[in-house]
A.B. asks: 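Okay, handing you the structure first.
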Amino acid sequence: MNKQLRKAVIAGNWKMNNTRFETKALIEELIPKVKDADCGVVVCVPFTDLETAVNLTKGTNIKVGAQNCHFEAKGAFTGEISASMLTEMGVEYVVIGHSERRQYFGETDATVNKRVKAAVDAGLTVILCVGEMLVDRENGVTDELVAMQTKIALGGVSKEKLSQIIIAYEPVWAIGTGKTATADQANEVCAVIRATVEKLYDKVAADALTIQYGGSMNAGNAAELLSKPDVDGGLIGGASLKAPDFAAIVEAASK
Ligand code: 13P
């Protein structure tokens with residue numbers, strides 16, 4: 001982290017976990033544990049939990065995010081949710097382009113780009129996910145692939161709107177597997193992302209960009225990952241479902 005240059009943000013991605021009842025219990029447990037955080041704290045919850053999460057976190061330092069949104073403003077898109085539906089509820093963040101959406105729901109770099117633009121135009125802060133599969137790493141194309149994902153996703157996003165973007169580097173082979181990228185591996189790819197953004201915009205914009213690492217980040221490995229200069233936070237899956245674990249990561253980012 002380089003807190004002089006940019007904000008550290010720890011975000012939980014709950015994925016398809018927690019009913020409203022469970023959401024209430026988890027957020028109530030989390031609020032006192034993270035109240036003194038010296039970093040941004042976000043929980044990205046299922047659509048059905050958003051209202052509960054927004055209401056419970058009012059007046060606290062916890063922000064609420066969704067895990068996806070559609071790129072059209074409205075219309076015949078059964079099962080989809082628009083960006084303005086989220087902002088009207090008080091949702092401030094949205095995860096876009098998570099690898100699970102790319103793998104299981106046909107998300108492409110092109111649709112990620114459309115969703116990113118719709119979300120920032122609606123006033124949301126986007127947590128844009130990029131990351132390579134194991135086969136890409138084995139083929140030595142991680143840097144090129146992540147640079148390409150970043151470039152396509154940010155197409156048409158103005159420099160002003162870049163302040164509403166966080167990029168999460170999530171190597172797909174590290175998600176939910178217990179295999180974390182080493183701190184050096186994470187930092188190296190986060191630096192590639194920053195260099196890509198510098199080429200697209202400029203150094204000031206790239207220096208100000210928060211870049212998270214995600215993939216089996218937990219209370220035990222967070223401090224080491226966050227000690228790296230280009231790792232500005234984390235996007236946490238499994239460990240965000242337990243308040244003490246998530247709070248420990250927030251604490252590591254608050255140092
Ligand atoms: P895990 O922390 O469970 O590996 O998940 C990471 C992730 O996909 C967050 O978006």
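First listed ligand is number 1; within each ligand, the first listed atom is number 1.
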A.B. asks: Looking at Lys3 and Asp38, does any basic side-chain N land under 4.0 Å from a carboxylate oxygen?
C.D. replies: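 Yes.
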A.B. asks: Identify the two heavy atoms, one from Thr177 and one from Ser216, that lie closest to each other, and give their separation to 0.1 Å.
C.D. replies: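 Nearest heavy atoms, Thr177 then Ser216: N-OG, 3.6 Å.
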A.B. asks: Record the part of Asn13 in heavy-atom contact with ligand 1 below 4.0 Å; permitted values are side chain, backbone, both and neither.
C.D. replies: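 Answer for Asn13: side chain.
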A.B. asks: Is there a polar contact, in the sense of an N or O pair closer than 3.5 Å, between Ala239 and ligand 1?
C.D. replies: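 No, since none of the N or O atoms of Ala239 sits under 3.5 Å from an N or O of ligand 1.
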A.B. asks: Need the ligand 1 atom indices (1-based, order shown) with element for anything under 4.0 Å from a heavy-atom of Ser216.
C.D. replies: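 Here the atoms of ligand 1 in question are 1 (P), 2 (O), 4 (O).
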A.B. asks: Which ligand 1 atoms, with their elements, are less than 4.0 angstrom from a heavy-atom of Ala174?
C.D. replies: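 Those qualifying, in numeric order: 4 (O).
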A.B. asks: With heavy atoms of Lys15 as the reference, note each atom of ligand 1 found under 4.0 Å away.
C.D. replies: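 Going through ligand 1 atom by atom, the ones under 4.0 Å from Lys15 are 5 (O), 6 (C), 7 (C), 8 (O).
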A.B. asks: Within ligand 1, which atoms have a heavy atom of Gly176 less than 4.0 Å away?
C.D. replies: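 The list of qualifying atoms is 1 (P), 3 (O), 4 (O).
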A.B. asks: Within the 4.5 Å heavy-atom criterion, are Leu209 and Arg194 side-chain neighbours or not?
C.D. replies: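 Yes, their side chains come closer than 4.5 Å.
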A.B. asks: Of the listed options (Glu100, Gln212, His98, Met217), which comes nearest to atom 8 (O) of ligand 1 when hydrogens are ignored and any heavy atom counts?
C.D. replies: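 The option holding the nearest heavy atom is His98.
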A.B. asks: Starting from atom 7 (C) of ligand 1, locate the nearest protein heavy atom and write down its residue, its atom name and how far away it is, to 0.1 Å.
C.D. replies: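 Looking at atom 7 (C) of ligand 1, the protein heavy atom closest to it is Glu170 OE2, 3.1 Å.
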A.B. asks: When you check the gap from the basic side-chain N to the acidic O, do Arg20 and Asp49 get nearer than 4.0 Å?
C.D. replies: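 Salt bridge between Arg20 and Asp49, a charged N being under 4.0 Å from a carboxylate O: no.
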A.B. asks: Can you see which heavy atom on Lys117 is nearest to which on Gly155, and at what distance?
C.D. replies: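 Where Lys117 meets Gly155 most closely, the heavy atoms are CD-O, 3.5 Å.
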A.B. asks: For atom 2 (O) of ligand 1, find the nearest protein heavy atom and state the residue, atom name and distance (0.1 Å precision).
C.D. replies: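 Its nearest protein heavy-atom neighbour is Gly237 N, 2.9 Å.
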A.B. asks: Identify, by atom number and element, the atoms of ligand 1 in contact range of Gly238, meaning under 4.0 Å from any of its heavy atoms.
C.D. replies: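 It comes down to these atoms of ligand 1: 1 (P), 2 (O), 3 (O).
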A.B. asks: How many angstroms lie between OG1 in Thr108 and NZ in Lys114, if you round to the nearest 0.5 Å?
C.D. replies: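 Between atom OG1 of Thr108 and atom NZ of Lys114 there are 8.5 Å.
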A.B. asks: Does the side chain of Thr180 come within less than 4.5 Å of Met217's, by heavy atoms?
C.D. replies: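 No. Closest side-chain heavy atoms not under 4.5 Å.
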A.B. asks: Locate the shortest heavy-atom distance separating Phe47 from Ala66; write the atom from each residue and the value.
C.D. replies: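 Heavy atoms only, the tightest pair is CE2-CB, 3.9 Å.
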A.B. asks: Which of the atoms in ligand 1, numbered in the order shown and given with their element, are less than 4.0 Å from a heavy-atom of Gly215?
C.D. replies: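 Per the distance check, 4 (O), 6 (C).
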A.B. asks: Flag Thr177 as yes when one of its N or O atoms lies below 3.5 Å from any N or O atom of ligand 1, and as no otherwise.
C.D. replies: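 N/O-N/O distance under 3.5 Å: no.
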